[in-house]
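Here's the structure, in structure tokens; my notes come after.
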Amino acid sequence: MDLTQALGSIQAIPFSNLQEQDITPIVNILTSKTKDSDIQALVNGLNPDLVDVLMKAIYKGLESGRNSSSLFKWHSIVEESGGPGSIVRVLTDKPPIEGTFDED
């Protein structure tokens, strides 16, 4: 599984619903299968939606406290690409509200 496929697998999952097992393949790609010199090119190859998904995976990975130094390297480059809006979109990502509202 490459990074784009791994990110696509969690794209529809709201940040608050992500579980560690959901992001494990992504964290493995980020921390052990990618050279530091390749990070910029990988991030530049992502569309803006996947940049946000990558930021979501980084924040969820940082919650565990493992691989922090590597994830912070990624965070810096992803923030350059997605800007502060990427961070805001991740932190405000909520599951959709179930049901409909009455317009009476």
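No experiment lies behind these values; they were computed from the predicted model shown. Only this structure's heavy atoms are used, side chains among them; waters, hydrogens and symmetry mates stay out.
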Measuring from [X]:[atom1] to [Y]:[atom2], what's the distance to the nearest 0.5 Å?
X   : Y   : atom1 : atom2 : answer
L3  : L46 : CG    : CG    : 5.5 Å
L50 : Q11 : CG    : CD    : 5.0 Å
E63 : I58 : CD    : CD1   : 13.0 Å
L7  : I23 : CG    : CD1   : 11.0 Å

(message) If I compare all heavy atoms of G61 with all of V27, which pair ends up nearest, and what's the gap?
(response) CA-CG2, 4.4 Å

(message) Which heavy atom of P14 sits nearest to which heavy atom of P95, and what is that distance?
(response) CG-CA, 3.5 Å

(request) If a pair satisfies side-chain hydrogen bond (donor to acceptor under 3.5 Å, both in side chains) and one of its residues is in residues 75-89, list it, with sequence neighbours excluded. (result) D52-S86, D52-R89, Y59-H75

(message) By the side-chain hydrogen bond (donor to acceptor under 3.5 Å, both in side chains) test, which pairs, at least two apart or in different chains, include something from residues 1-10?
(response) none

(message) Taking side-chain hydrogen bond (donor to acceptor under 3.5 Å, both in side chains) as the definition, give me every residue that meets it alongside Q40, ordered by chain and number, with sequence neighbours left out.
(response) N44

(message) The criterion is ring pair (Phe, Tyr, Trp, His ring centres under 6.0 Å); which residues satisfy it with F15, sequence neighbours excluded?
(response) none

Tell me every residue that passes side-chain contact (heavy atoms from CB on, under 4.5 Å) with [X], counting only those two or more places apart in sequence or in another chain.
X   : result
P84 : none
Q21 : Q19
S37 : K35

(request) Give a yes or no on whether M1 and V53 share a hydrophobic cluster (residues Ile, Leu, Val, Met, Phe, Trp, Tyr; joining criterion: side-chain heavy atoms under 4.5 Å apart). (result) no

(request) Look at the side-chain heavy atoms of Ile, Leu, Val, Met, Phe, Trp and Tyr, link any pair under 4.5 Å apart, and say whether V88 and I77 land in one connected group. (result) no

(request) Scan I26, L18, T24 and name whichever one has a side chain to side chain contact (heavy atoms under 4.5 Å, CB included) with D22. (result) L18

Enumerate donor-acceptor pairs with a distance under 3.5 Å from any side-chain N or O in residues 67-74 to protein atoms, sequence neighbours excluded.
from, atom 1, to, atom 2, distance (Å)
S68, OG, G65, O, 3.4
K73, NZ, D36, OD2, 3.0
W74, NE1, L30, O, 3.0

(message) Are P25 and N28 packed together at the side-chain level, in the sense that at least one heavy-atom pair is separated by less than 4.5 angstrom?
(response) no

(request) Scan for ring-ring contact (aromatic ring centres under 6.0 Å, His included) pairs involving residues 26-57, sequence neighbours excluded, and state none if there are none. (result) none

